[in-house]
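Read the structure below first, then the notes.
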Amino acid sequence: MTNDTTIFDKIISKEIPAVIVFEDEFVLGFKDINPQAPIHVLFIPKVRIATLNDVNEGNVDYVAKLHLAAGKYAKEIGEHENGYRVVMNCNANGGQTVFHIHMHFLAGRQLTWPPG
Ligand code: AMP
């Protein structure tokens with residue numbers, strides 16, 4: 001199951017539409033279809049890594065690139081001073097539903113802690 005391609009592969013290849021807000025060689029950022037905050041973007045690596053358990057020495061740079069993209073985007077939209085949250089869910093207890101790692105970027109409202 002976690003080795004299957006996902007809808008995010010189709011977003012990367014532009015086979016299905018998404019509202020893309022960030023793109024570079026390594027990362028794509030697009031609006032979440034079911035936003036949980038006024039600004040809710042998903043940053044994904046352009047290679048498929050199914051879960052955080054599949055991050056290794058060979059692909060860990062992609063995780064750093066997700067953080068870099070999120071920070072750049074926050075500055076670009078002027079939310080870096082107000083603040084924001086990035087979240088990565090892993091497997092069932094983490095609430096992961098799409099098995100291509102993604103960083104949720106949430107901004108535009110006061111976020112509460114702890115999350116549910
Ligand atoms: P997670 O539950 O952490 O795996 O997050 C998956 C996220 O992908 C959810 O927030 C969904 O709303 C979002 N999502 C699923 N399909 C699409 C899509 N086609 N375009 C944009 N976001 C999507």
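Counting from 1, the numbers follow the sequence of the chain as shown. Whatever order the structure lists ligands and atoms in, that order sets their numbers, starting from 1.
Other residues, nucleotides and ligands contribute more than 12 heavy atoms inside 6.0 Å of the NZ atom of K46. Summarising the local packing, CG of N93 is surrounded by 12 or fewer heavy atoms from other residues, nucleotides or ligands at distances under 6.0 Å.
Each of the atoms 21 (C) of ligand 1 lies under 4.0 Å from some heavy atom of K31. Which parts of ligand 1 touch I7 is read off a 4.0 Å heavy-atom cut-off, strictly below it: atoms 19 (N). Listed by number with element, the atoms of ligand 1 under 4.0 angstrom from any heavy atom of L42 are 7 (C), 8 (O), 13 (C), 22 (N). Distances below 4.0 Å separate heavy atoms of V98 from the following atoms of ligand 1: 4 (O), 6 (C). Those atoms of ligand 1 that come under 4.0 Å of a heavy atom in N34, given as number and element, are 12 (O). Close contacts of ligand 1 with H102, meaning ligand atoms under 4.0 Å from a residue heavy atom, involve 1 (P), 3 (O), 4 (O), 5 (O), 6 (C). Near T97, the atoms of ligand 1 lying under 4.0 angstrom from a non-hydrogen atom of the residue are 1 (P), 2 (O), 4 (O), 5 (O), 6 (C). With ligand atoms numbered from 1 in the order given, ligand 1 contributes 8 (O) to contacts under 4.0 Å with heavy atoms of F8.
Two residues are said to be in side-chain contact when any heavy atoms from C-beta on lie closer than 4.5 Å; N91 and F99 meet this criterion. By the 4.5 Å heavy-atom criterion applied to side chains, Y62 and V55 are not counted as neighbours. Counting heavy atoms from C-beta on, the side chains of M88 and L66 come closer than 4.5 Å. Contact of the I77 side chain with the F105 side chain is registered, since non-hydrogen atoms from C-beta on lie closer than 4.5 Å.
Not a single heavy atom of F99 lies less than 4.0 angstrom from ligand 1. Contact between Q36 and ligand 1 is absent, with no heavy atom of the residue lying under 4.0 Å from the ligand. Ligand 1 lies within reach of G95, whose nearest heavy atom is under 4.0 Å from it.
Counting only heavy atoms of the protein, atom 14 (N) of ligand 1 lies nearest to I33 CG2, 3.8 Å.
Between V41, T6, I11, D32, it is D32 that holds the heavy atom closest to atom 10 (O) of ligand 1.
A distance below 6.0 Å separates the ring centres of H102 and H104.
A donor-acceptor pair is defined here as one N or O able to donate and one able to accept, closer than 3.5 Å; such a pair exists between the side chain of D54 and the backbone of T51. Here the side chain of D61 pairs no donor or acceptor atom with the backbone of A64 at under 3.5 angstrom.
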